[in-house]
> 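Submitted below is the structure of interest, expressed as structure tokens.
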Amino acid sequence: MRWSQTYIPTLRENQSDAELVSHQLLLRGGYIRKLASGIYIYLPLMQRVIDKFSNIVREEMNAAGALEITMSVLCPVEVWQKSGRYDTVGKELMTMQDRHNHEMILCGTHEETVTNLVAGELKSYKQLPLNLYQIQVKFRDEIRPRFGLMRGREFVMKDAYTFDATEESQKVSYQKMVDAYFKIFNRAGLEVLKVDSDSGAMGGSNAHEFMFMVDTNAGEETILYCTDCLYAANEEKAIFKDVNKPNIEAVRVDTEIVDTPGAASIEEVSEFLKVQPNQLVKTLIFMADEKPVVALVRGDRSVNETKLKNAVSAVELEPANAEQVEALTKAPVGFAGPVGLKDVTIIVDPLVAEMKNFIVGANQNEKHILNVNIDRDFKATQIFEITNTEKGDGCPKCYSKLEAKSGIEVGNTFMLGTKYSKTLGAKFLDADGKEQLMIMGSYGIGITRTPQAALEKFSDENGIIWPIGLAPYHVEIIPLNVKDEEIVAAADKLYADLNEAGVDVLLDDRSERAGVKFNDADLIGIPVRVTIGAKSLKDGKVEVKLRSSDEIDKIDLETVVEHLKNVIQTLK
Ligand code: ATP
Ligand code: MG
């Protein structure tokens, strides 16, 4: 492709609405443009990146025996009502009305559509296992669309669905996808960590996330992992062995209300009362589907909102605002406690449940209660693990210390069991002629998220450094002076030869200053740059430079095509 004939609108200035380096680079490199919050247009360079990644995904999925199909974006609401998800997905679900006022789902995932397809079509165990996948646009009205393509409201996903007759066969189908995922991310140049995303069930876990670990603030997920036994889990699922148990006095003593003037936070109260934070209990108030929920965690810990959401089976959960807190506790924010609260769900973490004589807010301004005891002074609606696991906590498997790192979820795999086949009637006859439910799995990869995620690692202060597998072009040719006929002729010939040799090549044929071309080349991040200038051309040579290195090699024009082909082979 000639630069003059494509559309690469690079920008000099940093864009104010992009927090992340990767988002900034995609905007500045002329890869994407925003239409609305979480909605982006993929320009020619981005389209090529998407195609490159999609092709890797497609090749590995096909090699693993999966069959590509394309399902409709729209799905009649009834199918989602049947599965029960119409009521549980919450506000993320996007819908539209057709001209007959019939509500349609703009699918954010396709379990319903694919199960509905298979139900009634596949009747015999002989037709199983089956793996159907697609690469397609998805819609989700994300609560916080941000970070460019990382969390969009419209984005592209590869989603695959497996149907098996037996548990053993489903395990094989699942493992094939896990193996394919490692090959896919490896070919794309991303090292990924497969982490447990199953709630608590150690060992026979049934869901995994594929995390691309980064050192930047782009990692929306925190992964807790153990370097000794290789336990690794998403923060939302990670459990731990407590290494900071408070000394618990065996005898319960009477409660006492004390004044804590000016002390509201855990630090302030523990300092004022001269106690350790782990002798206090934090009372946090949330709104779960518009009803207040009280969460109790130990003073030195924090609550994990996903765990809490699971505890109360809420669709939407968010921290209560000051008004909502005051309405419930009849006290200003900072003095909430469980004692005396009526008609409200109280979720107590097991670390709190084992405490005695602890300190909580008194639901009165600037007052706390000492020596509070569960059951005697208030009742828990439910005891449920809601504490955030943190770096330094004990590994749940081997008691060693957990480490924490942030990561970007680029893919995931789920064993779904019979949830969808049951509700949507996906049954088959087994070898004995008995009717059985199909056992399902679902497997996602973020087609637009993954390339952006890669840039959180593969860039420098000048721009993008694409891994070869995702690069929109392998080679960029820069003729330094497009008024010099010899240079132009050499550039044109090399361009034609590389195209012929099947190398993806971009020729910057613009009549711009060399500095502008070099800056743009660094910004858009093509892995190999070939510069053609008058001086070296006199000796029959061109300059070859990798985007990832400062070294420049002078290579004979005669052999440069072979040389470049070899270089591309070795690049990751
Ligand atoms: P997350 O926890 O990041 O919201 P998810 O659990 O909702 O992800 P899935 O529904 O399983 O993810 O989707 C499969 C893959 O699609 C994810 O692993 C991710 O790579 C990608 N993905 C999910 N949501 C988005 C989004 N809003 N924008 C871009 N990519 C997304
Ligand atoms: Mg999500």
Side-chain angles (χ1 to χ4, degrees), residues 20 22-23 26 32 34 36-40 42 46 49-50 53-54 57 61 85 88-94 105-114 133-161 177-178 180-181 184-185 188 190 192-199 206-214 218-223 233-237 304-307 309-310 315-317 406-416 420 440-456:
L20 297 187
S22 55
H23 183 194
L26 289 182
I32 58 170
K34 177 170 152 182
S37 168
I39 302 178
Y40 287 84
Y42 315 129
M46 191 68 213
V49 173
I50 291 172
F53 188 46
S54 300
V57 170
M61 292 300 289
R85 269 212 290 193
T88 56
V89 171
K91 292 181 184 161
E92 220 174 270
L93 191 69
M94 286 212 199
I105 311 284
L106 283 154
C107 292
T109 177
H110 278 76
E111 281 83 2
E112 278 76 2
T113 309
V114 78
Y133 80 97
Q134 62 174 352
I135 295 176
Q136 198 210 33
V137 66
K138 295 279 182 277
F139 295 88
R140 293 184 187 178
D141 209 351
E142 295 278 356
I143 181 167
R144 268 177 238 106
R146 57 179 183 163
F147 297 165
L149 307 187
M150 215 80 102
R151 186 165 296 283
R153 294 197 295 163
E154 180 180 326
F155 58 98
V156 182
M157 194 203 285
K158 184 285 299 176
D159 44 328
Y161 305 90
M177 286 296 97
V178 168
Y181 273 31
I184 287 167
F185 291 116
L190 278 74
V192 292
L193 188 67
K194 172 178 158 239
V195 308
D196 200 345
S197 65
D198 182 28
S199 47
N206 58 12
H208 295 95
E209 288 173 348
F210 289 75
M211 307 296 303
F212 180 55
M213 309 309 284
V214 290
E220 288 190 287
E221 317 249 355
T222 302
I223 303 305
N234 188 324
E235 186 179 46
E236 295 169 356
K237 313 283 157 116
N304 183 290
E305 291 187 23
T306 304
K307 289 181 178 175
K309 198 166 150 183
N310 291 339
V315 177
E316 307 280 343
L317 181 104
S406 75
I408 301 168
E409 182 193 317
V410 286
N412 57 28
T413 52
F414 292 101
M415 286 190 191
L416 295 172
Y420 295 93
M440 290 177 57
S442 87
Y443 316 85
I445 288 182
I447 297 291
T448 40
R449 178 186 286 182
T450 303
Q452 187 184 323
L455 300 190
E456 284 298 313

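Numbering of ligands and ligand atoms starts at 1, following listing order. Values reported hereafter were calculated over all heavy atoms of this structure, with side chains retained and with hydrogens, waters and symmetry mates removed.
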> Could you name each residue pair satisfying side-chain hydrogen bond (donor to acceptor under 3.5 Å, both in side chains) that touches residues 144-155, not counting sequence neighbours?
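Residue pairs with at least one partner in residues 144-155: D141-R153, E142-R151, R146-E220, R151-E220.
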> Side-chain donor-acceptor pair under 3.5 Å between N304 and E236, yes or no?
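Judged by distance alone, the side chains do not pair up.
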> Taking side chain to side chain donor-acceptor pair (under 3.5 Å) as the definition, give me every residue that meets it alongside K309, ordered by chain and number, with sequence neighbours left out.
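Partners of K309 under the side chain to side chain donor-acceptor pair (under 3.5 Å) test: none.
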> Exactly one of V195, L190, I223 should register a side chain to side chain contact (heavy atoms under 4.5 Å, CB included) with M213. Which one does?
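The passing option is I223.
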> Is the distance between the ring centroids of H23 and Y40 under 6.0 Å?
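Centroid separation for Y40 and H23: below 6.0 Å.
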> Students should find this: residues with any non-hydrogen atom under 4.0 Å from ligand 1. What is the answer?
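Residues within 4.0 Å of ligand 1: R140, E142, L149, M150, R151, G152, F155, M157, E221, E409, V410, G411, N412, F414, G444, G446, R449.
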> Using side-chain contact (heavy atoms from CB on, under 4.5 Å) as the criterion, list what pairs up with A453, not counting sequence neighbours.
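So A453 forms a side-chain contact (heavy atoms from CB on, under 4.5 Å) with M150, F212, I408, V410.
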